[in-house]
Amino acid sequence: MKQEGNHFSKVALLVIVLIGVGIGSMGSFTTAVMVEKTSGEDFCAQCHTMEPMTQSYLADIHGGNNKEGLRAKCVDCHLPHDSLFSYLVEKAKTGTHDVWAELTYDKSKIDWQEKRKHAKHFVYDSGCLHCHSNLEEATMGSAKAFVAHKAYFLDKKKKCVECHSNVGHHNLGDYISKTGIKEK
Amino acid sequence: MKLKSLVVTFLSGMLLSVSSLVAKPTEHLGDMTNNKNLKITRGMTVEAKRCVECHADKTPAHVDDWRQSRHAHVGVSCIDCHSVKKDNPMAAQNCPGVKGTKTYVSVLVSPKTCTKCHPNEVEEFQHSGHARAALQVAAKQGMQDLMHKFEGRNHPKLKNSPEATGCMQCHGTIIKLDKNKQPTAETWPNYGIGNVYPDGGVGNCKSCHSIHKFSIAEARKPAGCASCHLGPDHPDIEIYNNSMHGHIFNAEGSTWKYDSAPDAWEPGDYRAPTCATCHMSGIGELKTTHNVSRRLKWNIWAPISKLRDGGYETAVTDFTNKNKVTKGNPLAGHPDGSKAGRAEMEQVCKSCHISLHTKSFFKMADQHVELYNEYAKEAKGMIDELGKKGLMMKDKWADPAFKVWYHLWHHQGRRMRQGALMGGPDYAHWHGVFELQQDIRELRAIYNKRIKTGKIDE
């Protein structure tokens, strides 16, 4: 009896572990797919509010308007890339906020031009440097890049978007005015 | 009179014929033949080259300055500073070279552009009193009235000339654009240090580093400061010339070295300091700063001198963050207060002088500032009392009492204090405290008469 009981509980344990692994894998897979599916313009642009951002992005070098047609996804710039943890936490936070805002805010009252002034709070240097990883090693072969970014890498006082204020969204100011979203 | 005008006419005729000999009739001013056909193949995009080469022909003086600049050395050219994004408030295509292209340019270049490569310099500058120069003029009703109403006579057509030809050339102004996105004549051209640009940038690097050469050597020479720091109300270049520092500079400054790297320009490159050495340079252990208020102990321009314990200048942050035009922070100085500011200034002195010299110099200079305050407090007391009793004229600029007070603090009072703290004895004394002892007697006489009679009787 005792032996059989032991045998049964071992099998049960194995089954439970296997089911756990299965659910875990499915969960991880689904999460990974979800994280991936909700990272680009095709997802973000589903909300009408994002129209000027999407249009200006598609007209920009970062949005595919370049020789190779390469695109940076929304989250490549708008989520931190210093760790997977902070990436996921920020994604959950901003994702939840944006859905909530889309459903409950009076969006006609949002001053998008004013919001652009605070870009450094929602465009992450770690995102920029994830792709522009060779910038720190710039040489006098590209004198301007070398000189201009020297102060950045020495002091890190300013964020990328404080100088590159239009990056990622070509003439965003014009698109915001065009679509009639409140302009100051 | 007739004879005099005949002589003048004759002399100018002579001058004209001499200059026509020097300049060939086919040339015009700004024709710098050497670089009219400038061709550049180094380190520039096709578009950047087009600007340089066309402007070498159309505006050769600009390009001649530029080719001597450090900007040109590192490949920073016209387009890097003058091109703006299409949605920038200053974006225009008035230049035929870019018309119809995707490139938008602006004749104005704001500190927002300079900061892309010089972020520390712009940030330090914005912490300094220099940064409030235009905003405070816009914020003070008294200054607006003086320029437009009193000096400009509220004239419908002519009231803006006092500001445009005078004040804004040093202070700067809030630059306005016309419908073609070109700056208006009322607000530009100017070299004022506190300009507010239509893109929200505040400040003006070219006040000290003139365009298009942007020379560090130029800004390190007293001339870089003298174009504004002169005259009856802040004769700083005159004070410098009066000082032993200026004496040595004027005797041998033409042989000194002015282009050592920032933070490495040290005694030995020069035998006496210039304005920049004491107020900005990274001498000895000190680091360089574009915050000219940082090493100051006192405010020595206000009616009453107070210690500079106010931290950083606030005009730019108020403007940028709250969209507010303010008078700024007259007590802006070292972030750790006036003692820390003075300690840094003493560190400058000690690069050449013994401590006893430094301490004793400042002890007596500080006393002269405090002595000024004694005069100013008495004078202000009388003015305030007369005001309360209705014994000041409605038009203050017609009132002898107000005029004496104004000159007491704004002219001779500043000379007294600035002369003392920068070693200009003639300004500390004859143009300073001597005038004040006269003023206070004049004001007392007016005050006593008005109090006694209860009337403004002039």
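Every chain is numbered from 1, with letters handed out A, B, ... down the list of sequences. Computed from a predicted structure; not experimentally measured.
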Going from [atom1] on [X] to [atom2] on [Y], what distance comes out if it is rounded to the nearest 0.5 angstrom?
{"X": "A/S177", "Y": "B/D87", "atom1": "OG", "atom2": "CG", "value": "8.0 Å"}
{"X": "B/K85", "Y": "A/H164", "atom1": "NZ", "atom2": "NE2", "value": "9.5 Å"}
{"X": "A/N171", "Y": "B/K102", "atom1": "CG", "atom2": "NZ", "value": "10.5 Å"}

Checklist entry - For A/D155, is it the side chain, the backbone, both, or neither that has a heavy atom closer than 4.5 Å to a heavy atom of chain B? => result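 The side chain, not the backbone.
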Next on the checklist: Using heavy-atom distances under 4.5 Å, tell me whether A/K157 contacts chain B through its side chain, its backbone, both, or neither.
Outcome noted: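 Side chain only.
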Item to check | Worked check of side chain to side chain contact (heavy atoms under 4.5 Å, CB included) between A/V147 and B/R70 | outcome: CA-CA 11 Å; A/V147 173; B/R70 298 191 68 87; over 6 Å; no
[X], [atom1] atom: more than 12 neighbouring heavy atoms under 6.0 Å:
{"X": "B/K206", "atom1": "NZ", "result": "yes"}
{"X": "B/K327", "atom1": "NZ", "result": "no"}
{"X": "A/I61", "atom1": "CD1", "result": "no"}
{"X": "B/R50", "atom1": "CZ", "result": "no"}
{"X": "A/H130", "atom1": "NE2", "result": "no"}
{"X": "B/E47", "atom1": "CD", "result": "no"}
{"X": "B/K322", "atom1": "NZ", "result": "no"}
{"X": "A/E137", "atom1": "CD", "result": "yes"}

Chain A contacts: which residues in [range] have a non-hydrogen atom closer than 4.5 Å to it?
{"range": "residues 194-202 of chain B", "answer": "none"}
{"range": "residues 104-129 of chain B", "answer": "B/T115, B/K116, B/C117, B/P119, B/N120, B/E123"}
{"range": "residues 71-83 of chain B", "answer": "B/V74, B/G75, B/V76, B/D80"}

Item to check | With sequence neighbours excluded, residues passing side chain to side chain contact (heavy atoms under 4.5 Å, CB included) with A/H97 | outcome: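 Residues passing side chain to side chain contact (heavy atoms under 4.5 Å, CB included) with A/H97: A/A101, A/Y105.
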